[in-house]
Enquirer: 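Starting off with a structure, shown below.
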Amino acid sequence: MVLKNKAVQLWARRLHIYISMALLLVVLFFAITGITLNRPHLFVSQSPDVIEQQLSIPTALLGSEKGRFVPDRSALIAYLAKHGDVSGTPSAIDIFTDVDGDELLEGEISLDYKGPGYSATVFIDMTTAQATIGSTNYGVIAVLNDLHKGRNSGEVWRWFIDISALLMVLFVLTGVCLLIPKKKTFQTGMKWMGLGSVITLLIYILAVP
């Protein structure tokens, strides 16, 4: 049998050991945050930290080549990142204007920011060039929970979760591979696997609403 080959067993052992060490803190992170996600009332703060700030926006940023009252999103985002206390990923910009000829009677720009355990809203009064920024921090546990779910964490972090999951699968498979030559241990291991699977299925059938 190929899986009993010495070379296969050697590489399986190496992969099993090195993957387990590489994922040591990652597995602990997902295990612990699994508990905090399952019991949010015990860990997540019920009173998040809410901060409101005012910021003056240069009038030049409220228009662009696209129109006198159409802001350049990238330039506006860059200014808010530099001068406003915001973080996370910005949304698209919503613009409302009431124009009489060349005169702006009323105008507002709004956008949101989302990040792990964090959100912010920005409202800019185009007639006064004043921005009101309201940011909410939900605490460290909320940050960790969002990272566990990949929520508002960016594409790179989502890839990190995918790769970590694949390595965990490889870790399990190499463990099984190492057990195969040890007949008695393998049989005992399969019995424990069957017992665990049956218990999980029974809990799902009998206890899950």
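Because the structure is predicted, anything quoted here is derived from the model rather than measured.
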Enquirer: Is there a donor-acceptor contact under 3.5 Å from the side chain of S64 to the main chain of V70?
Expert: yes
Enquirer: Report yes if some heavy atom in the side chain of L111 is under 4.5 Å from a heavy atom in the side chain of D94; otherwise report no.
Expert: no
Enquirer: First locate atom CZ of R13, then atom OG1 of T174, and finally report the distance between them rounded to the nearest 0.5 Å.
Expert: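 Going from CZ on R13 over to OG1 on T174, the span is 10.5 Å.
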Enquirer: Indicate, with yes or no, if L10 and I19 share a hydrophobic cluster defined by side-chain heavy-atom contacts under 4.5 Å among Ile, Leu, Val, Met, Phe, Trp and Tyr.
Expert: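 Result: no, two separate clusters.
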Enquirer: Check for me, please, whether V176 and M193 land in the same ILVMFWY cluster - side-chain distances under 4.5 Å, paths through other members count.
Expert: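 Shared cluster, yes.
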Enquirer: In the single-linkage hydrophobic clustering (I, L, V, M, F, W, Y; side-chain heavy atoms under 4.5 Å), do V172 and W11 co-cluster?
Expert: no
Enquirer: Does L76 reach the side chain of I93, with side-chain heavy atoms less than 4.5 Å apart?
Expert: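 Yes, their side chains come closer than 4.5 Å.
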Enquirer: Measure the spacing between OG1 of T132 and CD of E108 and express it to the nearest 0.5 Å.
Expert: 9.0 Å
Enquirer: Spell out, as yes or no, whether a donor-acceptor pair under 3.5 Å connects the side chain of D125 to the backbone of T127.
Expert: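 Yes; judged by distance alone, with no hydrogens or angles, the pair exists.
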Enquirer: So how far is it from F69 CZ to I95 CD1, rounded to the nearest 0.5 Å?
Expert: 11.5 Å
Enquirer: Are more than 12 heavy atoms, taken from residues, nucleotides or ligands other than Y204, located less than 6.0 Å from that residue's OH atom?
Expert: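 Result for OH/Y204: open.
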Enquirer: If two hydrophobic side chains count as joined below 4.5 Å and joins carry through other members, does L170 share a cluster with Y18?
Expert: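 Different clusters.
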Enquirer: Under the side chain to side chain contact (heavy atoms under 4.5 Å, CB included) rule, what do V122 and D112 come out as? Steps first, then yes or no, please.
Expert: CA-CA 6 Å; V122 180; D112 297 322; over 6 Å; no
Enquirer: Would a 4.5 Å heavy-atom cut-off, applied to side chains only, mark L23 and M168 as touching?
Expert: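 Counting from C-beta outward, L23 and M168 do come under 4.5 Å.
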Enquirer: Would you give the length of the straight line joining atom CD1 of I109 to atom CD1 of I124, rounded to the nearest 0.5 angstrom?
Expert: 4.5 Å
Enquirer: Y138 and P48: which non-hydrogen atoms are nearest, and at how many Å?
Expert: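 Heavy atoms only, the tightest pair is CD2-CB, 3.7 Å.
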Enquirer: Kindly compute the distance separating OG (S87) from CG (L80), expressed to the nearest 0.5 Å.
Expert: 12.5 Å
Enquirer: Give a yes or no on this: more than 12 heavy atoms of other residues, nucleotides or ligands lie within 6.0 Å of atom CZ of F123.
Expert: yes
Enquirer: Among all residues two or more places apart in sequence or in another chain, which pass the side-chain hydrogen bond (donor to acceptor under 3.5 Å, both in side chains) test with D146?
Expert: none
Enquirer: According to a 4.5 Å side-chain heavy-atom criterion applied to Ile, Leu, Val, Met, Phe, Trp and Tyr, with indirect links allowed, do V140 and F29 form part of one hydrophobic cluster?
Expert: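 Hydrophobic grouping puts V140 with F29.
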Enquirer: Going by atom types only, do N145 and T36 share a side-chain donor-acceptor pair under 3.5 Å?
Expert: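 Result is yes, a qualifying pair exists.
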Enquirer: State whether a side-chain donor-acceptor pair under 3.5 Å links E106 with T97.
Expert: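 Judged by distance alone, the side chains do not pair up.
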Enquirer: Heavy atoms only: give me the nearest L178-P181 pair and the separation to one decimal.
Expert: O-CD, 3.4 Å
Enquirer: Does any part of the side chain of S119, heavy atoms only, come nearer than 4.5 Å to the side chain of Y113, both counted from C-beta?
Expert: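 Answer no - side chains too far apart.
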Enquirer: Side chain of T188, backbone of F186: donor and acceptor closer than 3.5 Å?
Expert: no
Enquirer: Taking the side chain as every heavy atom from C-beta outward, state whether K149 and L37 have any pair of such atoms under 4.5 Å apart.
Expert: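 Result yes, sub-4.5 Å side-chain heavy-atom pair found.
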Enquirer: Is V8 close to C177 at the side-chain level, that is, under 4.5 Å between some pair of heavy atoms?
Expert: yes
Enquirer: Kindly determine whether L55 and I133 satisfy side chain to side chain contact (heavy atoms under 4.5 Å, CB included), including the steps that lead there.
Expert: CA-CA 8 Å; L55 180 67; I133 303 172; 4.2 Å; yes
Enquirer: Working to the nearest 0.5 angstrom, can you tell me the gap between Q187 CD and W192 CH2?
Expert: 15.5 Å
Enquirer: Decide yes or no on side chain to side chain contact (heavy atoms under 4.5 Å, CB included) for D49 and I51, but give the supporting numbers first.
Expert: CA-CA 7 Å; D49 185 16; I51 299 174; 4.0 Å; yes
Enquirer: Could you walk me through whether L147 and W157 pass the side chain to side chain contact (heavy atoms under 4.5 Å, CB included) check?
Expert: CA-CA 8 Å; L147 288 174; W157 184 261; 3.8 Å; yes
Enquirer: Considering residues, nucleotides and ligands other than K182, do more than 12 of their heavy atoms fall under 6.0 Å from its NZ?
Expert: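 No, NZ of K182 has 12 or fewer neighbouring heavy atoms, counting only those of other groups under 6.0 Å.
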Enquirer: Taking all non-hydrogen atoms of both residues into account, name the closest pair between G150 and S153 and its distance.
Expert: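 The answer is C-OG, 3.7 Å.
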Enquirer: Using every non-hydrogen atom in the two residues, find where V86 and Y118 come nearest and quote the distance to one decimal.
Expert: CA-OH, 3.4 Å
Enquirer: Less than 4.5 Å apart, any side-chain heavy atom of T89 and any of N152?
Expert: no
Enquirer: Take a 6.0 Å sphere around CZ of R73 and say whether it holds more than 12 heavy atoms from other residues, nucleotides or ligands.
Expert: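 More than 12 heavy atoms, drawn from other residues, nucleotides or ligands, come within 6.0 Å of this atom.
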Enquirer: Can you find a pair of side-chain heavy atoms, one from S91 and one from K114, that are under 4.5 Å apart?
Expert: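 No, side chains not in contact.
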